[in-house]
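For clarity, every value in this text was computed on a predicted model and none was experimentally measured. Chain letters run A, B, ... following the sequence lines, proteins first, then strands; residues in each count from 1.
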Amino acid sequence: MSLHVYNSLHRTKELFEPLKPGKVGMYVCGVTVYDYCHVGHARVMVVFDIINRWLQQLGYDVNYVRNFTDVDDKIIQRAAERGIGIDVLTNEMIAAFDEDIDSLGCLHPNHEPRATAHMPEMIAMIEALVEQERAYVSDSGDVLYAVRTFDGYGQLSGKNIDDLESGSRVDVDDSKRDPLDFVLWKMAKPGEPAWDSPWGAGRPGWHIECSAMSCSHLGDTFDIHGGGMDLKFPHHENEIAQARAANGGGFARYWLHNGFVNINAEKMSKSLGNFFTIREVTEKYHPEVLRMFMLGTHYRSPLDFSDSALDAARAGLDRLYETARRLHCEMPDVRCLMDDSVTSHLTSHVSRLPPHFVAAMNVDFNTPEALACLFDLSRLLNKGLDAGEDVSALVDQFRAMTSVLGIVQHDVESWFKSGDVDAARIEALIAERSDAKKARDFARADAIRAELAAEGIILEDSPTGTSWKKT
RNA sequence: GGCAGGGUGGCUCAGUGGUACGGCGGAGGAUUGCAAAUCCUUUAUUCGCGAGUUCGAUUCUCGCCCCUGCCUCCA
């Protein structure tokens with residue numbers, strides 16, 4: 001069974017064949033670190049985390065690179081507003097970013113390069129473009145890329161260069177030879193952070209950062225380049241123009257783009273102001289619920305964000321945890337199987353996964369279908385447990401699936417008992433209620449249950465005793 | 001205007017040339033002292049509208065309507 005991926009470059013699903021057998025180089029556009037990440041950013045991280053995990057499951061040695069853009073206009077502006085240096089700001093935001101993606105259960109990429117640490121590579125690439133006369137120094141002193149010198153321009157985004165010009169909403173800048181030309185190197189204004197270059201002190205344009213960092217870590221030609229849909233044009237188009245020209249043809253072979261997170265059918269974005277940061281959401285919902293929510297929709301489709309959608313995701317996840325808890329409590333023999341999750345993403349589970357699940361993931365990472373398999377298995381497990389059958393063979397599958405998807409990765413007991421609760425008191429009340437039940441004093445038993453319910457504590461009686469959970 | 005991607009049950013989300021996966025929610029039942037959890041059954045004569053191709057289309061083709069995104073920084 002082989003992996004097929006949707007390649008934005010050709011707008012079709014294609015058989016995935018890496019450049020070097022057994023190895024995959026993947027570059028994903030990260031974030032500009034001037035503020036906290038919102039749910040839209042979270043989606044990119046989760047989507048490519050799943051892709052990374054699945055590639056590893058298939059046995060590939062994945063070199064996953066995701067950058068930080070740690071110098072640009074917004075960063076400079078924000079740092080100035082706060083009266084701090086840009087490095088103070090970016091370090092703070094990178095630390096916050098790490099917390100956020102850790103909470104979402106995303107594995108770290110192999111490399112997380114910062115733009116400011118790759119100036120020589122960027123300058124070298126720009127020099128190559130200048131030498132080829134594809135780049136020029138404008139009247140303002142900025143170095144610009146002459147888009148019309150690159151024949152394939154528009155291939156990725158399906159745009160025609162002349163349509164772009166006629167429909168251009170860009171204000172014509174006199175220093176540009178062509179309105180579509182974009183900045184490779186921007187001259188520093190007084191007081192702005194700057195790096196030396198053959199064209200004077202300044203900073204790189206956004207697009208050259210990614211071209212230079214990806215090639216520097218993965219080579220001129222590599223397998224996968226990913227990012228949000230909105231990056232297709234102009235960012236990825238510009239990256240292609242820069243890198244292919246500078247490298248003499250090669251660059252990313254498969255382009256993967258994830259869909260947006262919408263709110264009320266509108267794209268979540270900073271400019272519209274309709275965004276929620278990851279930390280805002282995870283104050284109210286467990287981060288794994290956010291991950292679950294994202295897994296429920298194919299990565300290329302739009303994803304509508306709402307409280308009711310998160311509630312539904314949580315209810316579904318709770319169901320999965322309920323199964324996990326039953327396995328844990330009712331089958332002490334399998335407890336060890338349930339406890340190996342922390343490192344189990346590192347090993348290949350493909351042989352333990354049902355064919356349906358593997359097939360779903362192999363067709364462009366179809367997580368909704370993979371989740372459907374998981375829910376089917378969950379039901380099977382519950383049924384077996386209800387019937388008192390030995391389900392240990394299925395536990396292995398359950399563990400493998402959840403591990404690949406990165407859900408049900410938390411302690412099953414604490415999942416239902418998070419928050420500030422007095423466990424000892426609850427246990428005492430449960431014991432009292434059990435006595436009352438034995439004495440057939442159901443009025444007292446129900447009163448205790450109602451008292452706890454008022455605090456959000458739900459009791460569940462089972463043949464093996466009473467357990468509780470926090471709603 | 002150009003380009004890209006969509007419209008599937010109350011909500012959400014997969015999928016397929018032969019009447020549709022899963023989740024959430026609803027209804028009924030089993031279980032329970034009663035609940036909760038779990039299980040079972042049920043909840044789309046139907047996949048935006050019209051036409052065409054076909055033995056047969058939600059799935060292919062064409063037209064139309066509607067939605068979103070990109071075309072400016074944007075994950």
Fill in: Span that lies between the P atom of B:rU61 and that of B:rA4, in whole angstrom
14 Å
Discussion item. From C-beta outward on A:S271, which listed nucleotide comes closest to its side chain: B:rG33, B:rA14, B:rC73?
Written reply: B:rC73
Practice prompt. Taking the side chain as every heavy atom from C-beta outward, state whether A:W255 and A:K232 have any pair of such atoms under 4.5 Å apart.
Written response: no
Discussion item. I'd like to know if A:K437 pairs up with A:D461 as an ion pair, taking the criterion as any Lys NZ or Arg NE/NH1/NH2 lying under 4.0 Å from an Asp or Glu carboxylate oxygen.
Written reply: yes
Discussion item. Just to be sure I understand the rule, does A:M268 reach a base, reach only the sugar-phosphate, or reach nothing, if contact means heavy atoms closer than 4.0 Å?
Written reply: base
Worksheet item: What stem regions, each of at least 3 consecutive Watson-Crick or G-U pairs below 3.5 Å, can be found for RNA chain B?
Response: B:1-7 with B:65-71, B:10-12 with B:22-24, B:25-30 with B:38-43, B:48-52 with B:60-64
Worksheet entry | Protein-nucleotide distance (A:M361, atom CE; B:rC21, atom P), rounded to Å | 22 Å
Practice prompt. Would you please confirm or rule out a distance under 4.0 Å between OP1 or OP2 of B:rG23 and any side-chain N or O of A:R319?
Written response: yes
Discussion item. Taking 4.0 Å as the cut-off, does a side-chain nitrogen or oxygen of A:N382 come that near to OP1 or OP2 on B:rC39?
Written reply: yes
Discussion item. Expressed as a whole number of angstroms, how long is the span from A:E455:CD to B:rA36:P?
Written reply: 19 Å
Item to complete: Specify the separation, in whole Å, of atom CG of A:L452 and atom P of B:rA35.
Response: 19 Å
Discussion item. Using a 4.0 Å heavy-atom cut-off, does A:A315 contact any base of the nucleic acid, only the sugar-phosphate backbone, or nothing at all?
Written reply: sugar-phosphate
Item to complete: Can you tell me the distance, in whole Å, between the NZ atom of A:K438 and the P atom of B:rG33?
Response: 14 Å
Worksheet item: Starting at CH2 of A:W255 and ending at C1' of B:rA75, how long is that distance when rounded to a whole Å?
Response: 14 Å
Fill in: Nearest-angstrom distance from the residue atom CG of A:L459 to P of B:rU32
19 Å
Discussion item. Regarding A:R66, tell me which of base, sugar-phosphate or nothing describes its non-hydrogen contacts under 4.0 Å with the strands shown.
Written reply: nothing
Worksheet item: On a whole-Å scale, what distance lies between the P atoms belonging to B:rU41 and B:rC24?
Response: 15 Å
Item to complete: Identify whether the distance between the nearest side-chain nitrogen and carboxylate oxygen of A:E322 and A:R326 falls below 4.0 Å.
Response: no
Discussion item. Would you say CZ of A:R314 has more than 12 non-hydrogen atoms from neighbouring residues, nucleotides or ligands within 6.0 angstrom?
Written reply: no
Discussion item. Base of B:rG33, side chain of A:D446 - is there a donor-acceptor contact under 3.5 Å?
Written reply: yes
Worksheet, complete the sentence: Testing B:rG33, B:rG5, B:rA75 for proximity to the side chain of A:F442, the answer is B:rG33
Worksheet item: Quick one: A:D386 CG to B:rU38 C1', roughly how many Å, whole number?
Response: 5 Å
Worksheet item: What does A:H257 touch in the nucleic acid at a heavy-atom separation under 4.0 angstrom: a base, only the sugar-phosphate, or nothing?
Response: nothing
Worksheet item: Which part of the nucleic acid, if any, lies within contact of A:R300, taking any heavy atom under 4.0 Å across all strands shown: a base, the sugar-phosphate backbone alone, or nothing?
Response: nothing
Discussion item. Say we look at B:rA37 and B:rC13: how far apart would their C1' atoms be, to the nearest angstrom?
Written reply: 25 Å
Discussion item. Does A:D73 reach a base, just sugar-phosphate, or nothing at all? Heavy atoms under 4.0 Å.
Written reply: nothing
Discussion item. Classify A:V47 by what it touches in the nucleic acid, base, sugar-phosphate, or nothing, heavy-atom distance under 4.0 Å.
Written reply: nothing
Discussion item. Looking only at the side chain of A:E322 (C-beta and beyond, no hydrogens), which of the listed nucleotides B:rG69, B:rA37, B:rG33 gets closest?
Written reply: B:rA37
Discussion item. Does A:F233 reach a base, just sugar-phosphate, or nothing at all? Heavy atoms under 4.0 Å.
Written reply: sugar-phosphate
Discussion item. Is the distance between the ring centroids of A:H207 and A:F182 under 6.0 Å?
Written reply: yes
Worksheet item: Can you check the A:N366 CG to B:rC21 C1' distance for me, whole Å?
Response: 10 Å
Worksheet item: Quick one: the side chain of A:R449 and the base of B:rA35, do they pair up donor-acceptor inside 3.5 Å?
Response: yes
Item to complete: Respond yes when some side-chain nitrogen or oxygen of A:R379 is under 4.0 Å from OP1 or OP2 of B:rG22, and no when none is.
Response: no
Practice prompt. Quick one: label A:G40 by what it contacts on the DNA or RNA (base, sugar-phosphate, nothing), any heavy atom closer than 4.0 Å.
Written response: base
Worksheet entry | Sugar-phosphate only, base, or nothing, as touched by A:K383 at under 4.0 Å among non-hydrogen atoms | sugar-phosphate
Item to complete: Report yes or no: is the cationic atom of A:K13 (NZ for Lys, CZ for Arg) closer than 6.0 Å to the six-membered ring centre of A:Y6, at no more than 45° off its axis?
Response: no
Practice prompt. Between B:rG2 and B:rA44, how far apart are the C1' atoms? Round to whole Å, please.
Written response: 37 Å
Worksheet item: For the base of B:rC70, is there a side-chain donor-acceptor partner from A:K159 under 3.5 Å away?
Response: yes
Discussion item. So for atom CG, which belongs to A:D307, do other residues, nucleotides or ligands contribute more than 12 heavy atoms lying within a distance under 6.0 Å?
Written reply: yes
Worksheet entry | Phosphate contact (B:rA14 OP1 or OP2) by A:S301 side-chain N/O below 4.0 Å | yes
Worksheet item: Contact class for A:G30 vs. all strands (heavy atom < 4.0 Å): base, sugar-phosphate, or nothing?
Response: sugar-phosphate
Practice prompt. Please check the phosphate of B:rG69 (OP1 and OP2 only) for any side-chain N or O of A:N262 closer than 4.0 Å.
Written response: no
Practice prompt. Mind telling me whether A:H118 and A:H217 have parallel, tilted or perpendicular rings, with 30° and 60° as the class edges?
Written response: tilted
Worksheet item: When we call it a touch if two heavy atoms are under 4.0 Å apart, what does A:D376 touch: a base, just sugar-phosphate, or nothing?
Response: sugar-phosphate
Worksheet entry | Distance-only donor-acceptor test (3.5 Å): side chain A:K232, base B:rC70 | no
Item to complete: Between B:rC70 and B:rG63, how far apart are the C1' atoms? Round to whole Å, please.
Response: 25 Å
Practice prompt. Cation-pi check, A:K417 to A:W468: give yes when NZ or CZ is under 6.0 Å from the six-membered ring centre and within 45° of the ring axis, no otherwise.
Written response: yes
Discussion item. Classify A:I458 by what it touches in the nucleic acid, base, sugar-phosphate, or nothing, heavy-atom distance under 4.0 Å.
Written reply: sugar-phosphate
Practice prompt. Answer yes or no: are there more than 12 heavy-atom neighbours, outside A:R440 itself, under 6.0 Å from its atom CZ?
Written response: no
Fill in: Verify stack between A:F375 ring and B:rG22 base, 5.5 Å, 30 degrees
no
Fill in: A:D223 with A:R253: basic N within carboxylate O range, under 4.0 Å
yes
Worksheet item: A:S467 near the nucleic acid: base, sugar-phosphate alone, or nothing, with a heavy-atom cut-off under 4.0 Å?
Response: nothing
